Amino acid sequence: MTLPAFGLGTFRLKGQTVVDTVTNALDLGYRAIDTAQIYENEADIGRALAASNVKRDDLYLTTKIWVDNFAQDKLIPSLKDSLSKLGTDSVDLTLIHWPSPANAVPMDEYLGALLEARKQGLTKAIGVSNFTIALLQQAIAIAGPGQLATNQIELSPYLQNRKLAEFARSQGVPVTSYMTLAYGKVLTDPVLVKIAAAHGATTAQVALAWAMQQGYAVIPSSTKRENLASNMKARELRLSDDDMQQIATLDRNDRQANPASLAPAWD
């Protein structure tokens, strides 16, 4: 399966909240779900999946390896634990969540372990997250051209990350946009409000359509069923060239995810 253009993000959702969210999303037609070891919700997502009528083959599941599990003797056991929690024999995509802080574990070690996990059938595809141009170059050199299914990065109308996105595209590495709504900051932006009104759409739909129209995958999150349903409609929204040019002017390098202990030297 190729990387779905639209899926469900589950960051910060735990317990019954994530069970209900995933249950509602599946009922509405979502078929791609993004989680991570550090989210501490894989077991709850597994519960929701087990209770659903959706066949495993119809789902695209993504998880991410946390930095504490990068060592060669830890990565595969940690992924097997994730699979057990999710109730599946394999995931469709496994990502390195952040580059190793201070390069504590060399990239060739953790990417080598991830490649071995794919070889063992624990994951169908591999990729990275929060990688800069320099790190992505290094990862491609280690894994080989065409081996990375995505680089998942923060990308929104307020953080358009053009240099990195263009480099990834030039290398054949699809981009997944997270925090596409910038924690809701963009939802009241006057430019997006005006474009949304012209299309009879919501500002969230406009932001998501803007990202997908550039070829990025999106994984918006919501705990409200009506918002989950509304976000899906972004797939049908087509923005004009003028709309896209107006949104291009909103870039202000406004980064939401920038943890001091993890963040690389951003492009």
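Small disclaimer: the values here were computed from a predicted structure and weren't measured.
Counting only N and O atoms by type, the side chains of Q245 and D243 include no donor and acceptor under 3.5 Å apart. Side chains of E42 and T35: no donor on one and acceptor on the other come within 3.5 Å. A donor and an acceptor atom, one from each side chain of T63 and Q37, are nowhere located under 3.5 Å apart. Between the side chains of Y158 and N253, no donor-acceptor pair of N or O atoms lies under 3.5 Å.
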Checklist entry - Passes salt bridge (charged side-chain N to carboxylate O under 4.0 Å, His left out), R225 versus D27? Steps please. => result CA-CA 10 Å; R225 184 181 175 96; D27 187 49; 2.6 Å; yes
Item to check | Trace of the side chain to side chain donor-acceptor pair (under 3.5 Å) decision for Q152 with D34 | outcome: CA-CA 11 Å; Q152 187 176 121; D34 180 278; 3.1 Å; yes
Next on the checklist: Could you go through D44 and R47, starting from their C-alpha distance and side-chain angles, then the distance that decides it, and tell me whether this counts as salt bridge (charged side-chain N to carboxylate O under 4.0 Å, His left out)?
Outcome noted: CA-CA 5 Å; D44 291 319; R47 283 171 50 209; 3.0 Å; yes
Item to check | Steps toward side chain to side chain donor-acceptor pair (under 3.5 Å) verdict (Y216, N161) | outcome: CA-CA 12 Å; Y216 310 142; N161 235 325; over 6 Å; no
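Here the side chains of L13 and S221 are in contact, with some heavy-atom distance below 4.5 Å. Side-chain contact between L136 and V128 is present, with at least one heavy-atom pair separated by less than 4.5 Å. Side chains of V206 and T202 form no contact here, defined as non-hydrogen atoms less than 4.5 Å apart. The closest side-chain heavy-atom distance from I76 to Q120 is below 4.5 Å.
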What pairs of donor and acceptor atoms, side-chain ones from residues 101-115 against any protein atom, are under 3.5 angstrom apart with sequence neighbours left out?
unit_1, atom_1, unit_2, atom_2, d
E109, OE2, Q72, N, 2.8

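Atom CG of D68 has more than 12 heavy atoms from other residues, nucleotides or ligands within 6.0 Å. Crowding of D241 atom CG: a count of heavy atoms from other residues, nucleotides or ligands under 6.0 Å not exceeding 12.
Between the D267 side chain and the I133 main chain, a donor and an acceptor come within less than 3.5 Å of each other. One N or O on the side chain of R252 and one on the backbone of L250 form a donor-acceptor pair closer than 3.5 Å. Without hydrogens or angle criteria, S230 side chain to E226 main chain gives no donor-acceptor distance under 3.5 Å.
Under the ring-ring contact (aromatic ring centres under 6.0 Å, His included) criterion, F6 pairs with Y30, not counting sequence neighbours. Scanning for salt bridge (Lys or Arg N to Asp or Glu O under 4.0 Å) contacts around R12 gives an empty result, with sequence neighbours left out.
For the pair L192 and P157, the tightest heavy-atom approach, listed with the atom from each and the gap, is CD1-CG, 4.4 Å.
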